[in-house]
Amino acid sequence: MCDATEVDIAASLPTPNNIKKRSVFCTFAAIQKSVIRMELTKNFEPQEIEKKWYSHWMDNGYFKSVPDTREAYTIVMPPPNVTGVLHMGHCLNNTIQDILIRRARMQGKNACWVPGTDHASIATEAKVVAMLRERGITKSSLSREEFLAYAWEWKEKYGGIILEQLKKMGCSLDWDRTAFTMDPDYYKSVIEIFVKLYNDGIIYRGLRMVNWDPASKTALSDEEVIFKDVDSKLYYVTYPFADGSEGGITVATTRPETILGDVAICVNPTDERFLSLIGKEVIVPIINRKIPIIGDEYVTVDFGTGALKVTPAHDKNDNELGKKHNLKALSTLDAEGKFTIVDLMEEDPSEQVYGYVGMDRFVLRKKIAEDIAAINQLQKTEDYKGQVGTSERTGAVIESRLSLQWFMDMKKFIASNPDIAKAVSEDKIKFHPNKAKNTYAHWMDNIKDWCISRQLWWGQQIPAWYDEDGNFVVAENKADAEKEYIKKYGAVPPLRGGQEGLLQDEDCLDTWFSSWLWPMEVFKGISKPNNEEINYYYPTTTLVTGQDIIFFWVARMVMAGYAFKQQLPFKDVYFTGMVRDKQGRKMSKQLGNSPDLLGLIDHYGADAVRFGIMIASPAGNDILFEESALEQGRNFNNKMWNALKLVKMWEGRTTDDGPQTTESREPTTDSGRQTTGGVQSGLSSVVGGQTFAINWFENRLAEVRNEVNEMLNQFKLSEALKVIYSLIWDDFCSWYLEWVKPGFEQPIEKAVYEKTVGFFTSLMELLHPFMPFVTEEIYHLLDERNDDLCVKINVDSTTANEQILKEGTLLKSMISGLRDVRNKNQMKPKEKITVHIDTAEVNIYKSIESILAKQINSESISFVTDAIAGTITTVIGKDKFYIETEQPLNVAGQKEDLEKELQHLNGFLTTVEKKLGNEKFVANAKPEVLALEQKKKADAEEKMKILEESLKGL
RNA sequence: GGGAGCAUAGCUCAGCUGGUUUAGAGCAUCUGCCUUACAAGCAGAGGGUCCGCGGUUCGAACCCGUGUGCUCCCACCA
């Protein structure tokens, strides 16, 4: 590559390798420099450049972190599902993390960002099952080992996809640390924690009503159930009295399919309508079971008919009622939500009941309603809007089902470590935005037991071992279990017909029971406690995640952190909002409104996508995704690219000459007409103008640098990006570059050129965490470098000089004001004008007049003390401007403008005077406020005087 | 049903402890420009009952009350 004889242009474009070698091969570098200058493309072309820099960063190990003496800045990536594909949510989330981690790296901290994936038991198992089904294999035909072999095969094949996609976005993750929640050590840690909590009496096994997902045939935690509004029907079903007396009792139910499991009718004992019926018996339709009418205050008098059917096997509240009143629970639905007759066998069910066996619950609902109608026991149906729980993963309607599961006693667990409850409320862990604290506190206060067992194979298998009779012990492995068994039951476990005595629980643990250890175990904090890494990186610095997993994950990591490491897991939590489409709808597969992220990166470039997603996404707010934001990002790339082209054009044209004459820089100016009398001669020093421009921009840069730092410290990322965007586009490109730009094909002073390159470099530094690729590229094209922007340490910021900033603002407002006058008077851009200024502060103008002249295309500026007849008159600030033009004068229009301004000031003055005339204000307001109001008054009066004078002169 | 939050330009949002020139930005819109880095651009402009009402205050977009409209969280009135 470094063979200088082969300067084939395409091949000579800088690559990481040749850039590094430039300083060694000077001649080659010189040749290449000229090639670069010639070859900058019209627009920024991200694709190749992104690939080039990502591999360069990787080759140099910039993302790699090992403990050292520096301060650590640690982020653990919320592990996406191992089978997941990158979507807009990941894009937002990981862009934010990358911004934080890149900034930390450039602040000289030891930045460590850990990637990884989550085994996601339900989601992954569902995918593997679907894949097997396509191959004609059913899960039930496989042994656990066979199934897991298929699952691992799937994981190895598709597991890394999402991580590869993150590289395209420029994410600076330490890939050597890539973790997985089922890595051997991780797996072991999860088991160890389970055993510990069991021994502490926090984990227990029990028969409880659980949320059952009939699609994946597993129990779920409360957090995994999502309630959705549905249109359903209320069926009014009459249960005749068992004693044969006339009539019966009518209940309203949304679930007639559970009628065959009814064991009682319940009414409110305060309800006079039913008071006399309590204790009587009624007959369950179709199955003809006699059930009692009971009384309980749980029943709402004015809902439905005021009578409730009690089905303890299929409803949480009914189950409570059942326990209270000693009722049997008769299950009529199996694990798949199909009708089962097992519990009804004693009742010698009819053929009709047998006919329901195997029928799906929703089919059965209609069928039973029809059958009840056929015997005239269905009074009516009415439409009803209700809510129904669905599985977060499969979307299936959840059944409440009585089931033997493993639970964690959360109240007891939290009580065991008082720090857990205080961490967030006392701001030891800060939430951004702060309002998430409320949600968190509310959940913690109302916490319920956590169902941690899942009827799945893909996950950490529950370390409980059972003998033939269902006696069990909990231990980390089988050998320990056998010992434990002997200890507990005083004998070796009896063999099962020649087979081994103890069998392990078939179920596995909730995925979140492993993810809650993530910030610790990615550094082996559980499996190898107190190792160098965990001691250095933990607690991690910032967690970036979605609000939707605040309970699933954030809260549980806090608990785990304090419980197992006696330390908080992270110091700040940045909650991202949800990415929605332009109409504010959630992105979903069904709606098809989820853009193809990789396609967008291909089309706009990763930097543009990062810009687009960050430009309007305050912490915690949902963001409305619009492709136009990406366009804005792409345009921003091009803007910087074009500024680079301009600066590169100057590179070969620098001069060490002293102050240049006006003529040499403004060749078209007629030097003889430079001044037209007045107080000061104009256009004396272009150098003065450039000095001003440099001085101003230096201070402006310092100002913004401080602002950005402040914003980033407060996690106001999108605001920081906006400020940088405006600094580059407006202040640097639109103002500064125009101010120092030499005339066409004119040389530029070396000092000015070098300053400009320095500014551009600083700007790239400031922007780099947000848009890493384009900034790295420009950084290297601007100058020969021995380092890379990616790992460049920021310079300390300085304080900006207020005075020079004010002068810059004044200059800008004069330029804009005079350009407006030009526009309003229909002057052609090429038409040169002569300007006379009546000002009290000629000195200030000295340093800026050459810039002013160039920017408003004035061939001459002079200073006067009297009005000049036959000119366009305008007032900007406190100065009067008289503009000579060949255009016909629009006196009426000028008058109107001045009068409008005067009127505005008049209104303003009135409010100020009103304030100052108010005795109470003068007495109560702070002195500085009072002084300010007085200054406002004086300023307004002065300005009005100037306007009035100008009006008279017209 | 309980709780939290939000309402500022056509859109997306800033606006910190009430006073900083009778409200700011970006996008979009309009007008004029193929000016020599950039038409994916340049220059300029217009655009607001700070959701309604009431109160506190010398002074309110900001504090309090109330109404309206959205959003989110929690809770299985079957």
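Numbered from 1 within each chain, the chains take letters A, B, ... in sequence-line order.
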Under 3.5 Å donor-acceptor pair, A:E626 side-chain atoms to B:A28 base atoms: no
When only distance counts, do a donor and an acceptor, one from the side chain of A:K915 and one from the base of B:C58, lie under 3.5 Å apart? no
B:A40 base / A:N638 side chain donor-acceptor hit below 3.5 Å: yes
Does A:Q632 contact B:A40 through a side-chain donor or acceptor facing the base, at a distance under 3.5 Å? no
What contact category does A:K935 fall into here, base, sugar-phosphate, or nothing, at under 4.0 angstrom with non-hydrogen atoms? base
Calculate the interatomic distance between A:H432 atom NE2 and B:C16 atom P; express it in whole Å. 19 Å
Using a heavy-atom cut-off of under 4.0 Å over every strand shown, decide if A:N317 touches base, sugar-phosphate, or nothing. sugar-phosphate
Just to be sure I understand the rule, does A:Y384 reach a base, reach only the sugar-phosphate, or reach nothing, if contact means heavy atoms closer than 4.0 Å? sugar-phosphate
Answer with base, sugar-phosphate or nothing: what part of the nucleic acid does A:V912 contact at a heavy-atom distance below 4.0 Å? nothing
Look at all strands and tell whether A:S718 reaches a base, only sugar-phosphate, or nothing, counting heavy atoms closer than 4.0 Å. nothing
Give A:S734 one of three labels, base, sugar-phosphate or nothing, depending on what nucleic acid heavy atoms sit under 4.0 Å from its own. sugar-phosphate
Return the nucleotide paired to B:G65: Watson-Crick means purine N1 to pyrimidine N3 with N6-O4 or O6-N4, wobble means G-U with N1-O2 and O6-N3, both under 3.5 Å. B:C53
Under 4.0 Å, heavy atoms only, any strand: does A:T254 hit a base, just the sugar-phosphate, or nothing? sugar-phosphate
When all nucleic acid strands are considered with a 4.0 Å heavy-atom cut-off, which category describes A:E738: base, sugar-phosphate, or nothing? base
Please state whether the rings of A:F636 and A:F611 are parallel, tilted or perpendicular, taking 30° and 60° as the class boundaries. tilted
When we call it a touch if two heavy atoms are under 4.0 Å apart, what does A:L624 touch: a base, just sugar-phosphate, or nothing? sugar-phosphate
Base of B:A40, side chain of A:R634 - is there a donor-acceptor contact under 3.5 Å? yes
When you look at NZ of A:K937, are more than 12 heavy atoms from neighbouring residues, nucleotides or ligands closer to it than 6.0 Å? no
Nearest whole Å is fine: how far is B:U31 C1' from A:Q826 CD? 10 Å
Please check this pair: side chain of A:T390 against backbone of A:I226, looking for a donor-acceptor N/O pair closer than 3.5 Å. yes
For the base of B:C73, is there a side-chain donor-acceptor partner from A:T439 under 3.5 Å away? no
